[in-house]
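One structure below.
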Amino acid sequence: MDDSGRGEILRFINKPVNFRPILFCSLSFAAGIFFFVKFAANEFAAVAFLVAFLAVIFLVALQFCLKGRMKAYAITAICCAFFSVVGMFSAGAAFKSYRSGRFESGDYFISGEVESVYENDGKYFVTLRNCKYNGKSGGKFYWRYAPSGMKKYDAVNVVCNAAPATEFDGKGLSNNALHGRAMVSAKVTHYEITGKSNRIYAKFARFTDEILSEGLGKEEYAVARSLLRGDTDEAGDVIDFYRVSGIAHVFAVSGMHVCMLFAAFSFIFKFIPIKKIYKSLAISCLLLFYAYLCGMTPSSVRAAVMCSIYSVVGSFGEKKDRGNTIAFAMVVTLLINPFDLFSAGFILSFSISFAIITLSRPIADKLRFLPSKLRDSLAVLFSASAVAIPLSVIFFGYYPLVSFVTNLLVVPLVSVSFYTLWIGIAISAILPVNRLIALFVPSNILRLTSGLCEVFSNFPLQIKSFPIGFAAAYFIALYFFCELTNTGKRANFVSSCYAVLSVILLAVLSF
């Protein structure tokens, strides 16, 4: 099976570069959102910058377009322009919806449910969603300096003076707007926790938390709920060892989680005598429902959409193209929430997934002297790390080099614990079995993984600096090395050497 889809590639340059039209369209969609957000205070400027940007891209590409491909080029250019306009309109619609949830400054009786709790220097900041202001539906409420003890999915009533959040930061949208926080607390006079949310995702969280809390120790419980649902709000310092050792990504519901569920559902449906397409549609619905239960995070939506497309396309016996799949998943994710484009989770999830798709095969070719399973595992690890290193430094301030070891040794154990946790929960829910017994295996595996992470977290070497200019040259080198280009062995060798030496140099300087 050829995942690269070389037979369906539209070549804009005579061999050196391979592009897919749907990838161009998805990037154009993202460009429309980007320019709207960055120039939201002046919509005319947003349109002007977008038009200028697309014109430059099209004119540069035109210089290399094959004469026999002019018609395909023109069609692709029209489609890209259309998608960029749709992207700008979708961002505009999201901003209009945000504005509709704002009210004038004044005293309000606010009811809502806790979406997130953030603690900084002993002070708590709470975001409420599904809010009503004096009985009228409105946007999210940002409660500054909230009391401790608030938990996710708590139903809360608040009496306070509230003001509309700042819409713009310079010419672009503010962080409040990007996160949907329509109103901000000024002075809270009374609050009351009235119970728990009755929404499906909240009931699912309470159901799993009840079983996990009775069958696991305190530390294993915190890790388990983070692993199953990506819910780290109440984890505290328990999962810091995972972060410092470089595998915090296991707590962001993404490809690992969804692909494992996809494999489990595929195995179960294999014994059900219905047509393959119906099985694929049923599995797709289950995966998307799981993404809903996990909060529709960008990484969970991406993974669910990609696995769903793979399943449906495979049921027709068609070729599966990972590049087109991730491009389509990107559009779907941004249609749900265009402002996810600026979240670290979205950028990391899609960038790392795209790196695995485009870099793993060239890296595997370099490692062909190794056994096939080890070669493939290292290729995926190195391709993901190649993009994760600069992005992690930019977003979080560091990248632990010990993650190369922990991803090879600890992540497989985490994967096993993910399966065994679901099996233990199912046994506890169906059979009258003591939950300590039902969760005995995952409890011990999680204890082992936490212990290993604690040991590896003592490894001191981290990359703490990745200058923007240096990062730009680094990404250009990765581009010339990846599957999107056919630049020849010499350029390929120089690009790979530059990328590797860059990481080594920055690691030495950081140490």
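One is the number of the first residue; the rest follow in order along the sequence. Owing to the predicted nature of the structure, the values given are computational and were not obtained by experimental measurement.
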Q. Should we count CZ of Phe440 as having more than 12 external heavy atoms under 6.0 Å?
A.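 No - once you tally the heavy atoms of other residues, nucleotides and ligands closer than 6.0 Å, there are 12 at most.
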Q. In terms of heavy-atom contacts, does CD1 of Ile200 have more than 12 from other residues, nucleotides or ligands at under 6.0 Å?
A.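 Atom CD1 in Ile200 is not packed in, count stays at 12 or less.
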If we ignore hydrogens and angles and just use 3.5 Å, is the side chain of [X] paired with the main-chain N or O of [Y] as donor and acceptor?
X      : Y      : result
Thr406 : Ile247 : no
Ser97  : Ala94  : no
Ser392 : Ile389 : no
Tyr118 : Lys123 : no
Arg322 : Thr358 : no
Ser502 : Tyr474 : no
Asp154 : Met150 : no
Ser174 : Ala177 : yes
Thr420 : Ser417 : yes
Tyr133 : Gly139 : yes

Whether [X] and [Y] hold their rings parallel, tilted or perpendicular, with breakpoints at 30° and 60°:
X      : Y      : result
Trp422 : Phe418 : perpendicular
Phe267 : Phe271 : perpendicular
Tyr142 : Phe125 : parallel

Does one side chain, of [X] or [Y], offer a donor that lies under 3.5 Å from an acceptor on the other?
X      : Y      : answer
Ser349 : Arg302 : yes
Thr208 : Arg225 : no
Ser403 : Tyr399 : yes
His190 : Asn157 : no

Closest approach of [X] to [Y] (non-hydrogen atoms, all atoms of both residues):
X      : Y      : answer
Val258 : Ser300 : CG2-O, 4.4 Å
Tyr124 : Ser148 : CE1-CB, 3.5 Å
Ala91  : Phe339 : O-CZ, 3.8 Å
Ala224 : Leu216 : CB-CD1, 3.6 Å
Ser465 : Leu506 : O-CD2, 3.6 Å
Pro400 : Val244 : CB-O, 3.2 Å

Q | Pair Tyr201-Tyr153, ring-ring contact (aromatic ring centres under 6.0 Å, His included): steps then yes or no | A | CA-CA 9 Å; Tyr201 51 75; Tyr153 306 130; 5.5 Å; yes
Between [X] and [Y], is there a side-chain N and carboxylate O pair less than 4.0 Å apart?
X      : Y      : answer
Arg243 : Asp240 : yes
Glu115 : Lys152 : no
Arg199 : Glu113 : yes

Q.
Set out, in order, the CA-CA distance, both residues' side-chain angles and the distance that settles side-chain contact (heavy atoms from CB on, under 4.5 Å) for Ile110 and Lys132, then state yes or no.
A. CA-CA 6 Å; Ile110 304 171; Lys132 289 190 176 182; over 6 Å; no
Q: Please lay out, stage by stage, how Ser383 and Ile363 fare under the test side-chain contact (heavy atoms from CB on, under 4.5 Å).
A: CA-CA 7 Å; Ser383 58; Ile363 292 175; 3.9 Å; yes
Q: Would you list the pairs meeting side chain to side chain donor-acceptor pair (under 3.5 Å) in which at least one residue belongs to residues 445-464, sequence neighbours left out?
A: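 Output for this query lists Tyr242-Thr449, Tyr242-Ser450, Ser443-Arg447, Asn444-Arg447.
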Q: Sequence neighbours left out, what pairs pass side chain to side chain donor-acceptor pair (under 3.5 Å) with at least one residue falling in residues 253-281?
A: Ser280-Ser311
Q: Begin from the C-alpha positions of Lys151 and Asp209 and carry the test salt bridge (Lys or Arg N to Asp or Glu O under 4.0 Å) through to its verdict.
A: CA-CA 13 Å; Lys151 294 183 178 181; Asp209 281 351; over 6 Å; no
Q) Do Leu478 and Ser495 touch side chain to side chain, with heavy atoms closer than 4.5 Å? A) no
Q: Compare all side-chain heavy atoms of Leu128 with those of Val158 and state whether any distance is below 4.5 angstrom.
A: yes
N/O donor to acceptor pairs below 3.5 angstrom from side-chain atoms of residues 430-438, sequence neighbours left out:
unit_1 : atom_1 : unit_2 : atom_2 : d
Asn434 : OD1    : Leu436 : N      : 2.7
Arg435 : NH1    : Glu214 : OE1    : 2.9

Q: Could you check Arg368 against Asp365 for side-chain contact (heavy atoms from CB on, under 4.5 Å), going step by step and ending with a plain yes or no?
A: CA-CA 5 Å; Arg368 56 183 174 272; Asp365 290 341; 4.2 Å; yes
Q. Does the separation of the ring centres of Tyr479 and Phe475 fall below 6.0 angstrom?
A. no
